[in-house]
Protein chains: 2
Amino acid sequence: MGPTKEKILDTAERLIADQGFAATSLRQIISEAQVNLAAVHYHFGSKQDLLDQLIERKATRVNTDREALLARFETEAGSHPVAVEKILRAFFEPMIETGSQNPQFVRLMGRMIAEGLITGVVEKHFQPTIFRFICALRRALPSLTEGEIASRFRFMFGAMSQAVCGLAAPDMGIQGDGADFQLSMRRLIQFLSAGLQAPPTEEVR
Amino acid sequence: MGPTKEKILDTAERLIADQGFAATSLRQIISEAQVNLAAVHYHFGSKQDLLDQLIERKATRVNTDREALLARFETEAGSHPVAVEKILRAFFEPMIETGSQNPQFVRLMGRMIAEGLITGVVEKHFQPTIFRFICALRRALPSLTEGEIASRFRFMFGAMSQAVCGLAAPDMGIQGDGADFQLSMRRLIQFLSAGLQAPPTEEVR
DNA sequence: GTCTATACTGAGATAGAC
DNA sequence: GTCTATCTCAGTATAGAC
């Protein structure tokens with residue numbers, strides 16, 4: 001990868017994580033990266049495609065790690081289903097590790113999930129991993145319908161996006177524990193573990 | 001309120017709920033509402049202010065209902081803390097009722113929370129209500145620190161935004177139960193009830 | 001293949017006539 | 001209150017230099 005392309009990616013990652021996608025203009029990115037505007041469209045095609053490649057650059061590695069960890073837990077569990085806590089650990093620990101080195105990327109991911117902006121990338125790179133995890137959850141939570149597991153997985157994404165994006169924001173009006181990424185993730189897992197294991201929603205007719 | 005202003009609000013609510021805030025241009029709104037572009041800036045000042053008034057128009061009523069319902073539950077509970085399930089009911093039922101009549105508004109709210117776009121309105125109109133609910137949760141969950149309750153409340157917002165926004169989206173790659181608003185909300189409350197009542201996150205040092 | 005310069009279209013915002 | 005004209009800035013497209 002050429003230095004121009006890399007400069008664009010690095011600068012865009014930092015600025016979009018800080019300000020959001022819509023609020024960050026290409027002109028601001030190229031100004032700070034000291035490259036030409038057209039170089040962005042030469043290398044990426046569009047602003048949206050730049051975002052997609054930004055995600056893809058790191059998401060692939062994180063998702064590979066996620067699946068590997070899940071596979072390890074599945075081997076350890078033998079014929080038994082993997083416990084929900086372990087499934088959550090497999091899902092979040094690779095992200096936490098990435099976030100400890102580079103919090104910007106994780107915040108970026110949270111923003112993208114919240115804004116619903118990574119349609120193509122989600123399908124291409126996340127969906128296979130998500131599918132593996134939903135399968136694991138179905139085995140761990142046999143009393144839930146497939147639809148309810150999908151709903152809870154979606155709730156999980158929403159909670160996660162707030163966990164990583166909300167770090168800078170004031171904590172719902174009351175003074176929170178601020179920008180402690182590790183603490184926030186541990187609280188998130190604790191919360192999700194209980195939520196995922198809630199009894200099934202009763203059918204109403 | 002004049003008919004022009006009202007036409008703008010109604011049209012903007014529908015379009016923004018469908019397409020999102022950034023994806024909806026003022027020119028599209030004024031075209032469908034059949035008003036002049038400058039009228040928007042005359043009545044609202046800016047696109048952002050239009051959004052704020054859009055939220056404010058309905059959020060005030062929803063928040064009033066929330067607080068009233070919570071107060072009723074507090075009276076019923078006497079000196080005991082209100083159960084978490086009841087706190088959640090007080091928070092969500094007014095929103096569900098609004099959403100049953102006008103799903104657009106609830107989806108709009110979800111989008112705004114996800115994208116973090118309603119800075120001024122949240123502080124002015126939501127924070128007092130949020131504060132009341134956090135206080136109720138503190139009483140119901142005395143083993144949790146204030147910081148952890150704030151975190152969980154934030155997770156709740158994230159899950160909620162996905163619950164109401166994700167209705168149209170495909171359910172994480174597996175076929176979901178589609179756009180059933182009532183079902184989605186019941187699942188959400190079930191999920192959140194367990195998540196909020198999870199044991200405290202252990203301190204690590 | 002890479003990058004630059006420049007122009008095009010559509011966005012939100014504003015000033016001033018009526 | 002309303003509308004026209006205009007401003008600035010956004011993302012995008014293209015022609016051509018190296």
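Convention: sequence-line order gives letters A, B, ...; per-chain numbering from 1.
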Going by side-chain hydrogen bond (donor to acceptor under 3.5 Å, both in side chains), name the residues that satisfy it together with A:D65, two or more places apart in sequence or in a different chain. none
Just how far, in rounded Å, is C1' of C:dG1 from NE2 of A:H43? 9 Å
CZ on B:R66 to CD1 on B:I87, rounded to 0.5 Å: 13.5 Å
Please tabulate, for the side chains in residues 89-99 of chain A, all donor-acceptor contacts under 3.5 angstrom to protein atoms that are two or more places apart in sequence or on a different chain.
{"unit_1": "A:R89", "atom_1": "NE", "unit_2": "A:E93", "atom_2": "OE2", "d": "2.9"}
{"unit_1": "A:T98", "atom_1": "OG1", "unit_2": "A:P94", "atom_2": "O", "d": "3.0"}

Pairing residues for A:E13 by the salt bridge (charged side-chain N to carboxylate O under 4.0 Å, His left out) criterion, not counting sequence neighbours: A:R57, A:K58
Rounded to the nearest angstrom, tell me the gap between atom CZ in A:F44 and atom P in C:dG1. 16 Å
Checking A:P200 now: which residues fulfil side-chain contact (heavy atoms from CB on, under 4.5 Å) with it, not counting sequence neighbours? A:S143, A:L144, A:E148
Under the rule for side-chain contact (heavy atoms from CB on, under 4.5 Å), what residues qualify as partners of A:Q28, not counting sequence neighbours? A:L15, A:Q19, A:T24, A:S25, A:E32
Looking at residues at least two apart in the chain, or sitting in another chain, which of them share a side-chain contact (heavy atoms from CB on, under 4.5 Å) with A:D18? A:R14, A:R107
What residues in residues 8-20 of chain A put a non-hydrogen atom under 4.0 Å from any atom of DNA chain D? none
Output one letter per nucleotide in nucleotides 4-18 of chain C: B when a protein non-hydrogen atom lies under 4.0 Å from the base, S when only the sugar-phosphate is that close, - when neither is. BB-----BBBB----
Value in whole Å for how far the C1' atom of C:dT2 lies from NZ of A:K5: 12 Å
Partner set under side-chain contact (heavy atoms from CB on, under 4.5 Å) for B:K86, not counting sequence neighbours: B:F73, B:E76, B:V82, B:A83
